[in-house]
Amino acid sequence: MTSDHEAAAVPAEQQAREAEITREVLDSFRDCTDPRLRQVMRSLVHHLHAFIRDVRLTEDEWSKGIEFLTRTGHITDDRRQEFILLSDVLGASMQTVAVNNQAHGDATEATVFGPFFVEHSPEIAAGEDIASGAAGEPCWVEGAVTDSTGKPVPAARVEVWQADGDGFYDTQYGDDRTAARAHLFTGADGGYRFWGLAPTPYPIPHDGPVGNLLEASGRSPLRASHLHFMVSAPGLRTLVTHIFVSGDELLPRDAVFGVKKSLIKEFQRQPEGTPTPDGRDLDGQVWSQVRFDIVLAPDRA
Ligand code: BEZ
Ligand code: FE
């Protein structure tokens with residue numbers, strides 16, 4: 001690994017003292033009867049001590065770190081999870097997604113779940129609109145779900161959710177509206193289609209300690225425009241992912257590192273008055289369309 005600082009010249013005697021502390025803590029897990037807990041804790045201690053020694057952490061910095069974590073805890077409640085947000089902006093969420101969704105043939109890549117999924121979304125029939133009054137430009141979304149042998153997956157559950165044209169999820173309005181989210185099932189040919197909204201960029205919650213950290217680091221809280229999917233079917237690995245908009249300037253600096261090249265899609269904007277795929281009359285509104293074919297890995301891949 002390359003560090004940002006010049007390697008500090010630490011005298012051998014000092015290095016030995018520091019290594020002795022690490023060894024003592026690692027040894028303290030010797031009687032742990034849960035082998036997985038022992039492995040995780042020993043590795044955590046190993047890397048944590050290496051980090052402290054690598055940056056030559058000052059006592060003042062240690063205090064600031066504790067204070068930051070304390071603020072992160074205080075702002076967390078049933079509706080706001082600042083620790084997950086911290087994991088997201090450190091790329092720890094995406095790294096965990098990667099480790100747990102091993103590449104399998106051409107199976108669609110997974111990405112971060114995010115805090116805006118809601119259980120029990122309304123069910124829609126194929127071709128219906130998920131907007132439920134949410135503002136935004138209509139977007140026709142279609143595709144097919146197959147397994148990794150190319151076989152169509154009928155009756156797969158496709159959950160979709162997204163921010164509206166103003167960059168807010170329904171849950172952020174503080175009333176009990178349900179909008180821009182729904183689920184539907186694939187047909188006998190594995191196909192699905194619905195009207196959604198053209199995705200817009202929006203910031204992750206940034207009025208707390210994680211926002212302070214982003215600001216101090218010169219990082220933006222914005223996420224690249226996207227549309228969330230969760231696709232599940234018996235015997236196949238549940239896929240949590242999004243699709244992103246080709247050409248979006250935020251693609252290379254998504255605040256939570258969720259963008260994967262394979263998930264960037266062409267959203268084709270249609271000129272005003274272009275007939276819609278299902279004959280829907282949009283009253284002269286501009287609309288767009290995108291195709292997203294989804295490949296599910298086997299359950300135990
Ligand atoms: C989201 O896409 O909705 C999201 C993901 C991670 C953190 C915040 C928001
Ligand atoms: Fe999102």
Side-chain angles (χ1 to χ4, degrees), residues 72 75-101 108-119 121 130-132 134-137 139 141 158-174 177-183 194 196-215 217 219-231 238-246 248-265 267 290 292 294:
T72 301
I75 204 171
T76 295
D77 61 20
D78 295 350
R79 276 170 297 147
R80 177 163 185 162
Q81 231 306 350
E82 195 79 355
F83 282 107
I84 295 184
L85 207 56
L86 178 58
S87 160
D88 293 341
V89 303
L90 294 178
S93 305
M94 271 310 287
Q95 196 63 271
T96 307
V97 168
V99 165
N100 286 278
N101 290 268
T108 304
E109 284 189 90
T111 188
V112 66
F113 197 50
F116 297 119
F117 174 74
V118 173
E119 300 273 5
S121 67
I130 71 166
S132 286
E137 182 182 297
C139 179
V141 186
V158 181
E159 290 273 357
V160 289
W161 68 104
Q162 66 176 135
D164 64 18
D166 296 319
F168 295 106
Y169 286 83
D170 52 2
T171 52
Q172 294 178 289
Y173 283 99
R177 75 181 74 181
T178 297
R181 67 176 71 246
H183 70 275
F194 63 91
L197 301 168
T200 45
Y202 65 85
I204 61 169
H206 58 111
D207 56 345
V210 169
N212 301 153
L213 174 65
L214 290 178
E215 187 166 359
S217 313
R219 282 177 53 184
S220 160
L222 286 173
R223 288 223 59 201
S225 309
H226 60 272
L227 168 59
H228 291 261
F229 281 78
M230 178 160 66
V231 185
T238 295
L239 172 70
V240 174
T241 196
H242 334 324
I243 51 173
F244 296 90
V245 181
S246 171
D248 181 352
E249 61 180 29
L250 291 167
L251 289 172
R253 47 196 171 89
D254 181 51
V256 301
F257 310 96
V259 179
K260 297 276 157 201
K261 203 161 162 246
S262 66
L263 300 175
I264 301 172
K265 304 291 166 191
F267 283 69
V290 64
F292 179 36
I294 297 164

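Whatever order the structure lists them in is the order used to number ligands and atoms, beginning at 1.
Residue-ligand proximity: Tyr169 is placed with a non-hydrogen atom under 4.0 Å from ligand 1.
Ranking the protein heavy atoms by distance from atom 1 (C) of ligand 1 puts Tyr202 OH, 2.8 Å first.
Using modelled atom types and a 3.5 Å distance limit, the side chains of Asp170 and Thr178 yield no donor-acceptor pair.
Considering backbone and side-chain N/O atoms, Asp88 never comes within less than 3.5 Å of an N/O atom of ligand 1. The shortest N/O to N/O separation between His242 and ligand 1 does not fall below 3.5 Å.
The shortest non-hydrogen separation linking Phe267 to Pro199 is CE2-CD, 3.5 Å.
When rounded to 10 degrees, the angle formed at the Fe ion (ligand 2) by NE2 (His226) and NE2 (His228) equals 90°. In this structure, OH of Tyr202 and OH of Tyr169 enclose an angle of 100° at the Fe ion (ligand 2), rounded to 10°.
Trp161 pairs in a ring-ring contact (aromatic ring centres under 6.0 Å, His included) with only one of the listed residues (His228, His226, His183), which is His228.
Only the side chain of Leu85 comes within contact range of ligand 1, with a heavy atom under 4.0 Å; no backbone atom does.
Without hydrogens or angle criteria, Glu109 side chain to Leu263 main chain gives no donor-acceptor distance under 3.5 Å.
Among Asp254, Leu227, Ile204, the residue whose heavy atom sits closest to atom 8 (C) of ligand 1 is Ile204.
Between Arg80 and Asp207, at least one side-chain nitrogen of the basic residue sits less than 4.0 Å from a carboxylate oxygen of the acidic one, meeting the salt-bridge criterion.
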